[in-house]
Amino acid sequence: MPSFVPYLIHTLFPPWVRRPTEIGAEIMMVAGGAFIVYWLLKYKKLQWLWNEWLTTVDHKKIGIMYLVAAIIMLARGGLDALMLRTNLAMPTLHFINASEYNEVFTTHGTIMVFFMGMPLIFALFNVVVPLQIGSRDVAFPRLNAISFWLFAFAAALFNLSFVVGGSPNAGWTAYPPLTELAFNHTVGENYYFISLLMTGIGTTITGINFLVTILRMRAPGMTFMKMPLFTWATLNTSALILFAFPPFTIALLESLLDRVAGTSFFTLSHGGMPMMYVNLFWLFGHPEVYILVLPAFGVFSEVVATFSRKKLFGYPSMVLSMTAIMVLAYGTWVHHFFTMGAGPAVNVFFGLSTMLIAIPTGVKVFNWILTMWGGRLTFTTPMLYFLAMIPTFVIGGATGVMLGAVPADYQFHNSYFVIAHFHQVLIGGTVFGLLAGVYYWWPKMFGYKLNDRQGKWAFWLFAGGFWPTFIPQYWLGLEGMTRRMYTYPFGLGWHTLNVISTIGGFIMGAGFLVLASNVLYSRRHQERDETGDAWGNGRTLEWSIPSPAPEYNFAVIPVVDERDWWWAEKERRQSGERPALPRPEDIRPIAIPKNTPVPILLGAAFFLGAFGLVFTWWYIALAGLAGVFGLLIYSWFQYDHYRILSAGEVRESEELLGRLGA
Amino acid sequence: MRTWAKRIPLALLLMAVLAGCGQHAVMLNPAGPVGRTELNLMVLASVAMAIVILFVLVLATVAVVRFRDKKGNRAPYTPQVEGHKVLEVLWFIIPALILTVIAVPTVKDTFALAKVPAKNPLVVDVTSLDWKWLFEYPGQKVATVNHLVIPAGQPVLFKITSDAPMNTFWIPQLGGMEYAMPGRVLPLWLESYKPGVYWGHSGQFSGREFEKMFFSVRAVTPAAFSSWAAHLRKTAPPMTVADYHRLLQFTTVGHLSYSKYPAFTFPSVTHGFTLKGGMYLLMHNNPAHD
Amino acid sequence: MHGGDEQHETAMEPGFEFIRPRFEAPKFPMHQVWGYVASLVLTFGALWMTVNRIMNPSVLLGVVLAMAVAQAALQLGVFMHVRESRGPAWHLVPLGMAFAIGIGLVGMSVWIMMFKSGVS
Amino acid sequence: MSSHALDGKAKASHQELPPEFQDQEESIKITGFWLFIVTDVLIFASLFATYAVLVNRVAAGPTPAQVFQLNTALIETLILLTSSFTIGIAIWAMRQNRQRMVSWWLALTVLLGMAFVSIELVEFAGDVAVGWGWHTSAFLSSFFLLVAAHGTHVTMGIIWAVALLFQLRRRGLTTVTRRKLYTFSLYWHFLDIMWVFIFTVVYLGGRLI
Ligand code: HEA
Ligand code: HEA
Ligand code: CUA
Ligand SMILES: [Cu+2]
């Protein structure tokens, strides 16, 4: 027993990963945790937190929890980015050392993609989609909560790596052999594989959930060609998730087995093939970038129509092009390893399919611009993000096409040209889009808008800082600077542009801080929206109900006979027709899914098992697994999932909201 | 708000860059036919893309300026417009045409670069190690570490592998890269038009000292190349198995030269047998293999 | 259960008639019996062909794979009632895509991993 | 302006639906289960891809021809095909509302499943006993992962079916247990399909390459 404690300390805090940054992070985590507990106890919020949030299965609340997690992760990933940029500001700088740098760029990429981008998407899916299609909830509310908690605990596990045991340090792509035990002794890569497996399961479930929701739970009359575009984006994204995550799961599983179970899928010593990992990873990885960008496309389509006060231009071709992107996304993955020698025939095939994707994407860009044509544009914060997207994303996409020209990619590959390309599409497309969506639907979530003036400040800093950060990186690429270098020598001419890029990064950081303060400020000072249609120009179903939506969403499900139903309804009202409000006699009892502790407990059990697996402590891993199975079987035998809201209660609540029709 | 306003700093930036730092842009100053081909394609693609970008930006700017919601804006307001059949079809066709312009040379060049334009090119066996490069000249029987000497004016065929995690072998001024992967040999040919000095680097992250994987490249006249190799054979020490094992360690080293090298290292590496010792030791102790 | 007023169906999409659901409810499980027999025949057929190498192995591989696909179709049709659904049988679309992408995934991976690197 | 106009019509037409589709919510769960199968198809496709790429990489270990015993595989196949038939009959019986019959056929399916898993375990144990574990070579890694993934699925199915038997006894054939039975049958047939592919690609294919 006595040797157990030193063993534990040595394993959890191995001496070769003790560095000031990590000790600082440990202290901050402990202090932060202690403060939160203190605050909860002092204000007796524990009960409230448990009942209202931790056990909820309400899609709107789950969406908000995703949002909170995503913003925290944006800060973490952004902080990582600023550390990278600081180290790169000058040649031979040692703000952090090589090992730390490698951990930081790995966590930066991984967090931004899996723990910032994905939850931000799911936040909007959850908040918006059921309201847009006139549904009471998603198809499987409990699975929805399980997805969230798997993600949340996976994110916690991944972040824990910085504090105990060592972080992953082989890039967000984690190619073997670098991730093999022989080259990577710490448990860092275990953290990577296991936490991504965990969040991957949750993500797959979310994909199924939203696909079923949209296929089966639309309001009567809402045919596919009457569906709002954000819902279309969700549909296509969910389909991408469904087909893309399984190869990833297998790639992760096989890498993990190589590390902890002695198999040799990718380890050379017994005939394994590292290239197969690369192949499987990008089979997922390329669709993944469209998973990240399609929801943003959906947001832009809603935002541009709303703030141009005009119908979306070319709805059918928008739908067609988005579906085309979804299908084509499966046929381009090799463009991430053109230089792996698969031969000219393979390279040409995938080069051409890569270029093909530019066509449907272009259709979307042109249709957005023509939506503005003949409209009346108001420049709110979401609209500004949309406008900033156009140059940013189009240049990023165009450089993507250049990367798809195979021989050119022999030069560009793994240079800062690629870094510039993907930040331009990831930030200009995904982040701008999701931020636009957050600003746009914020009143639907919370009942008040974010302050527009501060929002614009944040916008100008963030979108303005973007250009000096990333445009110079194209030139750095042309100067031969390769990615993932923790520092670089004098004399290659890379210094000036790197300084500019670093300064730009800090301007973006300032933009993020303004955004954060905007959130805090608006909570206190913004006036409440009583209409439900906070922007005044809403077009789709979600704006027809109060903000925030009541827990049952719609007292009576409307019959949707038009594409922009709410816009048409407003016009009908203006021409004197009777508003289509729920009539008391139409209101029926509503079944509401009950809160349940199973999802969070399931997440916790998973976390326990995963933590055991990271350190290959098999008993703990098995205990976690047993917990997972126990909970699943327990909930499988549970039958009583709903509570009934009586018609009287619904009527009362609608009356309070002033929504009862005659 | 106005898109053009955002572009002024960018233009200034680009001007500064072009004026001051052009000579550093190795990709834009290729010193050999491979890099030249690749540059031509880059230029073609950037011009095509510039046209697309310009068109989009102009269209967007006009829309934003013209249809602002301000009092007395006389531009037409047509909220019911749903689309325009002809335009929507054009959005599909014109980009497809532009892409064809890039696609045709892409296909041609990809196949062209896959053929070495010479019967018996000089061969260099390249092995990436943690964190250094080993160059073996099977024709000349000499080997170097971290510095490469090649004859100018003729294609050189690199056979690339790795006895460590993946890297890419990249000499930006001569042309594009190729992965160095354990268990597999990938061929790449490059050529320098004239004698010159370049630098090379790994493009694929390979661990802690990855940044140190620079190597120098010297292209010399064929005659100078022969005498260089002959000189090495006379003056440099031979590379022993023990030397190779030292190279395998997780270290960085400066430039090294050897007058000969163990004949089996490269072939066994390429069969995936030596990765960090392990199987390699077995092979080595096996007399049948030596 | 959900609220009483959710007993609605989304309308049939024009152009998607192929996913209109179809049902059957026979008094005797004749389909199942025939399905079982057919699956046995296919299995033994493939086995017999392989053991006796009745043709060029690579062609034969294609043939037995096709027979496996036929068995999959059999299971889906006879036992899994794949065309049944309440409302349009939407799952047919992703299911079809899954088989297409799955086969593409295997085939393409093998193709890519052959490493026919060009330089000669 | 409400959906009630549709209700009457919809209800009437749903009378003709098989029982597991008559409840809207339960029928949605069936759609969800189909999509789960879709993801599982791709999981297996990825495993097959790994196998197909690594099958020749035997390192110092045995070759496919040395490992595979066609006889065992044939018996396993027959067992699984039969179990697919028995669960098919169970679903037919369910639609005839014959609960006892459902339970018997389901129990038979469980037994066949157990027989399958046992044979597979014995086969694995035999391989491991002669030193052919999944650490031996890339080929064996991919073979064992593929087959074990299927075996694990079957084991899960057995646990699920046993739990179903309990629920059937306790609650009889309700909308919920019907749907659970139906999704279980989908799962089981799907595993059968995957096995047919394993049989074809691994065992028959092993003879052909
Ligand atoms: C949101 C994410 C996102 C998006 C949308 C894209 C979109 C595209 N990407 Fe990008 N890409 C990434 C994220 C993304 N990418 C990431 C993260 C990496 C690196 C991963 C890593 O290695 O770490 C990467 C890497 C990457 C590579 C590999 C580079 C290398 O490593 O060597 C390539 C190569 O072909 C590529 C191409 C493309 C193309 C052709 C598109 C196209 O879809 C773009 C289409 C859009 C347009 C073209 C603009 C609008 C169109 C018009 C206005 C119409 C007219 C246009 C024409 C006629 C061309 N990307
Ligand atoms: C959506 C994805 C996303 C986003 C938004 C970003 C955002 C940024 N990224 Fe990143 N990046 C990636 C995805 C992303 N990145 C990926 C996938 C890689 C590849 C990794 C790999 O190679 O494996 C990468 C790699 C990468 C590199 C290359 C590293 C290398 O190869 O050596 C660099 C270097 O400049 C960089 C910079 C930045 C910067 C400056 C930002 C800026 O936009 C960040 C702006 C800053 C903030 C948004 C937050 C600032 C926070 C604060 C000011 C603190 C607030 C604190 C509290 C409130 C507590 N990124
Ligand atoms: Cu670039 Cu000086
Ligand atoms: Cu890609």
Side-chain angles (χ1 to χ4, degrees), chain A residues 134 139-140 143 204-205 207-209 211-213 215-217 219-221 238 241-251 253-254 257-258 261-273 275-276 279-280 283 556-559 578 580-583 586 588 591 629 633 636-637 639 661, chain D residues 1-7 10 24-25 27-50 52-54 56-61 133-142 144-146 149 156 159-160 163-164 166-167 170-171 174 176-177 180:
Chain A
F140 312 115
L143 279 182
T204 312
I205 297 176
I208 295 176
N209 211 340
L211 207 54
V212 178
T213 307
L215 289 179
R216 295 295 307 275
M217 292 174 70
S238 305
I241 288 175
L242 226 57
F243 299 120
F245 267 76
F248 189 43
T249 307
I250 294 303
L253 182 68
E254 290 176 347
L257 289 176
D258 277 0
T263 55
S264 44
F265 294 99
F266 310 129
T267 57
L268 220 51
S269 48
H270 292 90
M273 226 173 146
M275 307 71 155
M276 187 59 194
N279 183 52
L280 284 176
L283 253 165
V556 173
I557 308 282
V559 174
R578 194 168 55 85
L581 290 170
R583 285 176 305 180
D586 287 343
R588 305 248 192 112
F629 268 94
I633 291 176
W636 204 58
F637 276 92
Y639 264 66
Chain D
M1 279 298 140
S2 87
S3 61
H4 302 149
L6 291 169
D7 278 357
Q24 164 82 353
E25 193 200 346
S27 83
I28 284 179
K29 289 187 176 159
I30 294 176
T31 309
F33 200 80
W34 273 113
L35 296 187
F36 162 75
I37 288 182
V38 162
T39 62
D40 233 17
V41 167
L42 283 148
I43 289 274
F44 275 101
S46 311
L47 291 172
F48 275 115
T50 313
V53 167
L54 297 179
N56 292 323
R57 324 253 317 173
V58 296
W134 66 359
H135 54 273
T136 306
S137 67
F139 152 62
L140 281 184
S141 295
S142 61
F144 277 115
L145 185 63
L146 173 61
M156 299 277 200
I159 298 174
W160 182 3
L164 248 177
F166 277 109
Q167 291 203 0
R170 188 140 107 216
R171 297 177 188 267
T174 65
V176 179
T177 50
K180 287 186 175 175

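Sequence lines set the chain letters: A, B, ... in the order given, protein chains first and strands last, and positions in each chain run from 1. Since the model is a prediction, treat every value here as computed from it, not as a measurement.
How far CZ of A:R216 is from CD of D:E25: 11.0 Å, rounded to the nearest 0.5 Å. One finds the OG atom of D:S46 at 10.0 Å from the CG atom of A:N279 (value rounded to the nearest 0.5 Å). Once rounded to the nearest 0.5 Å, the distance linking CD1 of D:I43 with CG of A:L253 reads 8.5 Å. With values rounded to the nearest 0.5 angstrom, A:L242 atom CG is found 5.5 Å from D:L35 atom CG.
Interface remark: A:I241 contributes no atoms to any contact with chain D (heavy atom separation under 4.5 Å). Contact of A:F248 with chain D is not made at all, since no heavy-atom distance falls under 4.5 Å. Proximity to chain D (any heavy atom under 4.5 Å) is restricted, for A:M276, to the side chain, taken from C-beta onward. With a 4.5 angstrom heavy-atom cutoff, A:I208 touches chain D via backbone and side-chain atoms both. With a 4.5 angstrom heavy-atom cutoff, A:A251 does not touch chain D via any of its atoms. Looking at D:F36, the atoms closer than 4.5 Å to chain A (heavy atoms on both sides) sit in the backbone and in the side chain alike. For D:A49, the parts sitting under 4.5 Å from any heavy atom of chain A are the backbone and the side chain alike.
The side-chain heavy atoms of A:F245 and D:T39, taken from C-beta on, include no pair separated by under 4.5 Å. Contact check for D:L47 versus A:E254: side-chain heavy atoms found under the 4.5 Å cut-off. Considering only heavy atoms from C-beta on, D:L145 stays 4.5 Å or farther from A:T263 through its side chain. Considering only heavy atoms from C-beta on, A:V212 stays 4.5 Å or farther from D:W34 through its side chain. Considering only heavy atoms from C-beta on, A:F629 comes within 4.5 Å of D:M156 through its side chain. Taking 4.5 Å as the limit, some side-chain heavy atom of D:L164 sits within range of a side-chain heavy atom of A:W636. Side-chain contact between A:F243 and D:V38: present, with at least one pair of heavy atoms (C-beta onward) separated by less than 4.5 Å.
In this structure, D:S137 and A:S264 approach most closely via the heavy-atom pair C-OG, 3.7 Å. Nearest heavy atoms, D:V53 versus A:M273: CG1-SD, 3.5 Å.
If you tally non-hydrogen atom pairs under 4.5 Å between each of D:I159, D:N56, D:V58, D:T31 and chain A, the highest count goes to D:T31. Chosen from A:L143, A:T213, A:L257, the residue pairing most often with chain D at heavy-atom distances under 4.5 Å is A:L257. Of the listed residues (D:K29, D:H135, D:R171), the greatest number of heavy-atom pairs within a distance under 4.5 Å of chain A belongs to D:R171.
Counting heavy-atom neighbours within 6.0 Å of D:F166 CZ, excluding the residue itself, gives a total of 12 or less.
At least one cation-pi condition fails for D:R170 and A:F637: the charged atom is not both under 6.0 angstrom from the six-membered ring centre and inside a 45 degree cone around its axis.
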